[in-house]
Amino acid sequence: GVWRQTRALLFKNCLIKCRTKKSSVQEVLFPLFFLFWLILMSMMHPHRKYDAVANTNLGTLDASILVNFVIGYTPPTPMAREIMKKVAFDNFEDGIITEEYLSEEELQAASAFKPSNFVGVVFTDAMSYQLRFPDSVAMSSIYMQSR
């Protein structure tokens, strides 16, 4: 039973492949062509090997420069409050002063009064932000443009 059905099915498939030679050749050659194309592209753009960077001790952070340092942020969402609380108290025993502002305009006005020790953080969503310094906007270059 099963062996006769399997043999008949194999014979039928062989007949179909012999009768449709063009599509059978395409089934074999197209994957080989794309494999050759991928190999050729990888040879044209070889991987770069970078030298290892030695471990160095950067020392302790001088917390004296962070005295009276203010970080303002907007909008005051629960996620932004939680992030700023971690920034303020996790790494420094005295903490950094954080202030929340309702809008970017209020943040910019506050930065005009404290130009030397103020940094603004504008959260665009839960995972991205922009830093606002008194005289400029610092945008992250990570994944923004092709290298």
Side-chain angles (χ1 to χ4, degrees), residues 2 5-6 8-10 12-14 16-17 19-147:
V2 175
Q5 288 178 349
T6 306
L9 184 62
L10 287 173
K12 180 183 116 179
N13 285 340
C14 286
I16 290 172
K17 291 295 178 191
R19 290 178 184 165
T20 58
K21 289 183 174 108
K22 183 178 178 183
S23 65
S24 298
V25 168
Q26 288 176 350
E27 285 179 7
V28 173
L29 291 182
F30 277 160
L32 290 175
F33 169 74
F34 287 123
L35 179 66
F36 172 74
W37 184 73
L38 285 173
I39 292 170
L40 183 66
M41 292 303 291
S42 69
M43 289 172 60
M44 290 174 62
H45 301 286
H47 297 290
R48 293 185 180 156
K49 302 265 185 196
Y50 294 101
D51 295 332
V53 178
N55 291 337
T56 57
N57 184 7
L58 298 177
T60 59
L61 178 64
D62 184 15
S64 64
I65 60 171
L66 298 177
V67 174
N68 297 328
F69 194 76
V70 179
I71 299 177
Y73 64 95
T74 188
T77 61
M79 179 65 75
R81 286 186 187 108
E82 185 178 333
I83 290 170
M84 295 310 292
K85 189 188 309 178
K86 285 184 181 284
V87 167
F89 293 107
D90 281 358
N91 298 320
F92 309 101
E93 57 267 345
D94 294 335
I96 295 177
I97 302 168
T98 59
E99 298 175 354
E100 61 181 50
Y101 296 95
L102 296 177
S103 67
E104 276 190 66
E105 291 79 21
E106 288 183 26
L107 182 74
Q108 289 174 347
S111 70
F113 293 116
K114 311 169 196 172
S116 63
N117 61 348
F118 186 87
V119 173
V121 180
V122 178
F123 290 95
T124 54
D125 59 28
M127 290 303 212
S128 60
Y129 60 90
Q130 291 180 339
L131 296 178
R132 305 281 177 157
F133 295 98
D135 55 352
S136 65
V137 176
M139 296 184 66
S140 173
S141 64
I142 300 173
Y143 306 118
M144 291 291 188
Q145 55 185 312
S146 174
R147 294 183 189 250

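It should be emphasised that the depicted structure is a prediction, and the values quoted were computed from it without experimental measurement. All residue numbers refer to positions in the sequence shown, counting from 1.
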Nearest-0.5 Å distance that lies between atom [atom1] in [X] and atom [atom2] in [Y]:
{"X": "F36", "Y": "L29", "atom1": "CZ", "atom2": "CG", "result": "13.0 Å"}
{"X": "R81", "Y": "K85", "atom1": "CZ", "atom2": "NZ", "result": "10.0 Å"}
{"X": "Y129", "Y": "I83", "atom1": "OH", "atom2": "CD1", "result": "9.5 Å"}
{"X": "M84", "Y": "E100", "atom1": "CE", "atom2": "CD", "result": "10.5 Å"}
{"X": "L40", "Y": "H45", "atom1": "CG", "atom2": "NE2", "result": "9.5 Å"}
{"X": "K86", "Y": "T98", "atom1": "NZ", "atom2": "OG1", "result": "14.0 Å"}

Do I71 and I97 have side chains that get closer than 4.5 Å, going by heavy atoms?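 Contact flag for I71/I97 side chains = no.
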F118 versus L107: any side-chain heavy-atom pair under 4.5 Å?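 Of all side-chain heavy-atom pairs linking L107 with F118, at least one is under 4.5 Å.
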Check A80 against P75 and note the closest heavy-atom contact, atom names and distance.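 Distance-wise, the nearest heavy atoms are CB-O, 3.6 Å.
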